[in-house]
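Accompanying notes for the structure given below.
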Amino acid sequence: MAQDIRVRFAPSPTGPLHIGGVRTALYNYLFARQHGGTMILRIEDTDSNRFVPGAEDYINESLAWLGIEIDEGVREGGPYGPYKQSERRDIYRQHVRQLLDSGKAYIAFDTPQELEAARAAIPNFQYDAHTRGQMTNSLTLGAEETQRRIDEGQQYVVRFLVEPGRDVEVNDLIRGKVVIKSDILDDKVLYKSADDLPTYHLANIVDDHMMKISHVIRGEEWLPSAPLHVLLYEAFGWSDTMPAFAHLPLLLKPDGKGKLSKRDGDRLGFPVFPLEWHDPKSGEISSGYREKGYLPSAVVNFLALLGWNPGDDSEVMTMDQLISKFSLEHCSKSGAKFAYEKGIWFNHNYLMEASNEALATLFRPVLIENGVDPDKFTDQYIAEVVGLVKGRINFVRDLWDQARFFFVAPITYDPKAIKKRWSADTPAQLKEMITIFDTVDDFGGPELEPAVLGWIAEKGYHLGNLMNAFRLTVVGECKGPHMFDITRLLGREETERRMLAGIERIRIDEPAV
Ligand code: GLU
């Protein structure tokens, strides 16, 4: 592409970044990287009423966790800053003035009560060519009275003057050409004197223009604003450099129609936020993909396929592969069902591919959470444990369930297994087994297994019962990896200690609990 590709992710810091917003950021990033372009992060914080402390940091941390790198932004800086809208007031003021001077916008004083009254009196009221003549604005009051009111300190808004009878064309790279009659648009508020800030529409257009954005890739919920944006570019005389639009499909509920919501996540048990979020006002905690034990690569892969397909049957793709395969042409128009199970599937896949050492690092905090000091074990031990059980997990935290006995000896024993496997002869047989351990030079070596199995066969003991009783004393239940892998890692001393403790504690006459 001859043109410089410059895209932006432009979240409003009004709360935790929703997973749909993360997908928008990801698609912008993939597109930018594929074209050797620039990825911009712009903070759209002009709605002072909805500002939430911590939300901006949350956005930065989420993108960093997922590997979505920003080239220009609040932290990174860049030639078109500031990248935070609340620091661009002067720029917006000038642009509002420009529209007022050219007659493309006007000043309105209507109070909320007056607007309410108009809505009640006029069916389907909208502030437009048909009604603006009856409202309290600079068009009806005249320049002098308008100035008098401003000087007096009356609050006002600036509204965009939408000409009726126009066909407004929006060319969308995903949806094709959409034509909308300007009559259905209202005279949107562009600026409010009360907080001396522009609204989303004005700030968004001015910044996209000034930051030389080439492509606006954003969620479908912004499609209804696009005709107004086209008219704004025109009003400023910027139509020639208007960015191309691409409105991404909605994320839908996993089990039906309608937009994905936080409630769906609560109901079905999956997060809708990248990171855990602690609401500063309510104190409510919402779960996040990171804390649930998802790997960022799995989340990226899962999200990439929600609304885009690579055109072949590739599924597991790294960020680099996604960058080379991504295309807006392969984004779908229709909503994408949020099939969260697929996310779990991706996570399992990526866990299987991760090295034992990398997983061991992720497992350490889980060990600490469960009261185990990981420093009491070598990195190699933890990595080997992880290697033995990882085939059975979907999340890093599942490792605890599968591997706890590698870190703490059992103190209770599965009563069902006792009933099935333990008999009056078991203690003596286990004690005898310990003497067999003496016959091999290396307890952790390959000779142990044939020695024990050979002895069981020779004595005619019940192989299944005895091996399971053995496992019961060491693990606490009849599960886990291969028995001789467990004993190799635990070592002779610990294995023996557990066997003797089991013999001491397990009683067959005990009622099952
Ligand atoms: N600030 C808007 C948001 O929160 C940006 C929409 C756009 O990308 O134009 O999503």
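For the single chain, residues carry numbers from 1 onward in sequence order. Whatever order the structure lists them in is the order used to number ligands and atoms, beginning at 1. Hydrogens, waters and symmetry mates are skipped; everything else that's a heavy atom, side chains included, is used.
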Q) Can a donor-acceptor pair be found between the side chains of Asp110 and Tyr127 at a distance below 3.5 Å? A)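 Yes.
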
**Q.** Short side-chain donor-acceptor distance under 3.5 Å, Tyr92 and Asp196
**A.**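 No donor-acceptor contact under 3.5 Å links the two side chains.
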
Q | Val216, any N or O under 3.5 Å of ligand 1 N or O | A |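 No: no nitrogen or oxygen of Val216 is under 3.5 Å from one in ligand 1.
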
Among all protein non-hydrogen atoms, which one is nearest to [atom], and what is the separation to 0.1 Å?
atom	result
atom 4 (O) of ligand 1	Ser12 OG, 3.1 Å
atom 8 (O) of ligand 1	Arg8 NH1, 2.7 Å
atom 2 (C) of ligand 1	Ala10 O, 3.3 Å
atom 3 (C) of ligand 1	Trp222 CZ2, 3.3 Å

Q) Are the aromatic rings of Phe338 and Phe302 close, with centres under 6.0 Å apart? A)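 Between Phe302 and Phe338, which both carry aromatic rings, the centre distance is below 6.0 Å.
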
Q.
In this structure, is the centre-to-centre distance between the rings of Phe346 and His348 below 6.0 Å?
A.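 Ring centroids of His348 and Phe346 are no less than 6.0 Å from each other.
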
Q. Going by the order shown, which atoms of ligand 1 are within less than 4.0 Å of some heavy atom of Asn204?
A.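 Reading through ligand 1 atom by atom, the close ones are 7 (C), 9 (O).
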
**Q.** Sequence-distant partners of Asp266, salt bridge (Lys or Arg N to Asp or Glu O under 4.0 Å), two or more places apart
**A.**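 Asp266 satisfies salt bridge (Lys or Arg N to Asp or Glu O under 4.0 Å) with Lys262 only.
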
Q. For atom 1 (N) of ligand 1, which candidate among Arg218, Glu221, Glu44, His247 provides the closest heavy atom?
A.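 It is Glu44 that holds the nearest heavy atom.
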
Q) With sequence neighbours left out, which residue pairs that include part of residues 180-207 fulfil the ring-ring contact (aromatic ring centres under 6.0 Å, His included) condition? A)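 Those involving residues 180-207 are Tyr200-Trp222, Tyr200-His229, His201-His229.
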
Q: Report the part of Phe9 in contact with ligand 1, treating N, CA, C, O as backbone and CB onward as side chain, heavy atoms under 4.0 Å; options are side chain, backbone, both, neither.
A: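 The answer is neither; Phe9 stays 4.0 Å or more away.
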
